[in-house]
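Here it is: the structure, laid out below.
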Amino acid sequence: MVVLSHVALDQFMKTCKPIDTHLFPTVIPTIDLNSPDVKSLIVKACKEFGFFKVVNHGVPIEMTRQLEDEASKFFSLPQGLKESAGNPNPFGYGNKKIGRNGDVGWIEYLLLSASDEFISQTCLSIYPDNPDVFRCALNNYISKMKKMGVRVLETMAEGLNLKGEDRYALSNLIKDSKSDSYFRLNHYPPRPEAFEGINGRNLVGFGEHTDPQIISVLRSNKIGGLQISLNDGTWVSVPPDDNSFFILVGDSLQVMTNGRFKSVKHRVLADNMKSRLSMIFFAGPPLCQKIAPLPCIMQKGEESLYEEFTWCEYKKSAYKSRLSENRLLRFVKR
Ligand code: GA4
């Protein structure tokens with residue numbers, strides 16, 4: 001649990017402003033991975049929301065619970081031990097500071113590269129005497145997330161009418177041994193008492209942003225807070241569901257579909273008395289991968305909406321940005 005002195009809390013409250021929200025009830029698309037219409041439903045959800053919930057996913061709940069327990073144990077360690085995971089830029093334990101350019105949130109987190117080797121090293125730094133329990137829980141869960149990501153991307157590709165080898169054009173990017181995928185454990189502690197007095201206002205846990213990768217696979221405990229922005233700018237609260245996963249379209253997939261799919265703007269508010277814990281797999285391509293519309297989806301005469309760039313170039317530019325910036329704007333053709 002994060003404990004803040006009054007001075008630190010005061011400082012934080014000045015930087016991280018409470019926000020008002022006006023919410024409208026909207027039905028979040030829910031997709032049964034075994035449904036006969038799954039391909040078209042996924043494509044529809046990606047076009048309309050850039051976001052959907054997945055049920056009937058086949059990921060054993062015990063595996064998820066095991067990692068959740070290990071994550072809770074990690075976040076209850078003394079601060080010094082959590083910090084032995086290293087600095088979060090690029091990977092490690094972070095507390096309130098997000099990214100490198102002054103963004104803050106009511107959050108602590110562990111950000112990891114999803115590679116086995118990196119995870120082994122990090123677990124060894126945190127638990128030098130017994131790294132295996134956390135390491136196994138992380139590796140087992142991440143390999144399931146990767147599998148689900150592959151399944152979702154292949155189904156999506158079929159829904160986009162890609163045939164033959166083209167059906168694997170998206171999933172191959174994350175199956176690649178050089179795939180630059182990340183994994184993140186987020187802990188949003190209960191809102192501090194100082195905020196309870198500000199009636200009806202919420203504290204930002206993780207400010208609004210889009211994910212730069214291809215897709216993200218998110219799962220949280222029963223505590224709410226996640227909101228997505230609709231195309232008209234209204235914010236919608238996503239009811240928590242600890243038995244399901246949420247898929248978010250990232251900026252790279254928006255480009256690869258030449259804007260047919262939209263990366264979803266989302267944020268997390270810390271407005272509960274209880275801790276929210278979320279685990280997110282960010283499926284990214286290899287660093288040298290060219291991010292451009294898939295030739296197989298382009299109509300005759302259709303031109304790319306974006307300048308060409310590699311994932312490495314996009315990442316470099318993303319790390320120079322503030323969280324809420326539209327990072328794709330720089331790459332839109334004029
Ligand atoms: C958003 C998605 C992932 O959480 C993340 C974030 C990253 C970070 O926390 O270091 C970034 C953010 C994310 C986009 C813009 C930059 C980089 C913080 C930030 C201000 C790990 C990622 O890949 O991009």
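Just so you know, ligand 1 is whichever comes first in the structure, and atom 1 is the first atom listed for that ligand. Computed from a predicted model, the values in this text were never measured in an experiment.
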Checklist entry - How far is atom 10 (O) of ligand 1 from its nearest protein heavy atom, and which residue and atom is that? => result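 Checking every protein heavy atom, the shortest distance to atom 10 (O) of ligand 1 gives Y319 CE2, 3.7 Å.
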Checklist entry - For S35 and D32, does a side-chain donor sit closer than 3.5 Å to a side-chain acceptor? => result no
Next on the checklist: Quick test: of every protein heavy atom, which one is nearest to atom 2 (C) of ligand 1, and how far off is it to 0.1 Å?
Outcome noted: D211 OD1, 3.3 Å
Item to check | Polar contact flag for Q213 and ligand 1 (N/O pairs, less than 3.5 Å) | outcome: yes
Item to check | Among K315, Q289, Q213, the one residue meeting side chain to side chain contact (heavy atoms under 4.5 Å, CB included) with D180 | outcome: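 The option that passes is K315.
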Checklist entry - E154 and S171: side-chain donor and acceptor closer than 3.5 Å? => result yes
Next on the checklist: Can you check which of R100, R184, K97 brings a heavy atom nearest to atom 6 (C) of ligand 1?
Outcome noted: R184
Checklist entry - To which of P212, G94, P90 does the heavy atom nearest atom 24 (O) of ligand 1 belong? => result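 Checking each option, the heavy atom nearest atom 24 (O) of ligand 1 is found in P212.
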Item to check | Any N101 heavy atom less than 4.0 Å from ligand 1 | outcome: no
Checklist entry - Which of parallel (below 30°), tilted (30 to 60°) and perpendicular (above 60°) describes F51 and F246? => result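 Ring orientation of F51 relative to F246: parallel.
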Item to check | Atom indices of ligand 1, in the order listed, that fall short of 4.0 Å to a heavy atom of L111 | outcome: 10 (O), 21 (C)
Checklist entry - What protein heavy atom is closest to atom 15 (C) of ligand 1, reported as residue, atom name and distance in Å? => result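 That would be R327 NH1, 3.3 Å.
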Checklist entry - With N221, which residues qualify under side chain to side chain donor-acceptor pair (under 3.5 Å), at least two apart? => result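 None.
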Checklist entry - Just one of K82, R184, K96 clears the salt bridge (charged side-chain N to carboxylate O under 4.0 Å, His left out) bar with E108, so which one? => result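 Among K82, R184, K96, the one meeting salt bridge (charged side-chain N to carboxylate O under 4.0 Å, His left out) with E108 is K82.
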Checklist entry - Of the choices G99, A318, S181, which has the non-hydrogen atom that lies closest to atom 16 (C) of ligand 1? => result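 Comparing heavy atoms across G99, A318, S181, the nearest one to atom 16 (C) of ligand 1 lies in A318.
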Checklist entry - Nearest protein heavy-atom contact for atom 1 (C) of ligand 1: which residue, which atom, what distance? => result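 Nearest protein contact, heavy atoms only, for atom 1 (C) of ligand 1 is H209 CD2, 3.6 Å.
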Item to check | Contacts of type side chain to side chain donor-acceptor pair (under 3.5 Å), residue K222, not counting sequence neighbours | outcome: D242
Item to check | K315 to ligand 1, any heavy atom closer than 4.0 Å | outcome: no
Checklist entry - Taking atom types as modelled, is there a side-chain donor on Y141 or Q66 under 3.5 Å from an acceptor on the other? => result no
Item to check | Contacting atoms of ligand 1, where contact means under 4.0 angstrom from a heavy atom of Y182 | outcome: 21 (C), 23 (O)
Next on the checklist: Please list, in number order, the atoms of ligand 1 under 4.0 Å from a heavy atom of S321.
Outcome noted: 15 (C), 20 (C)
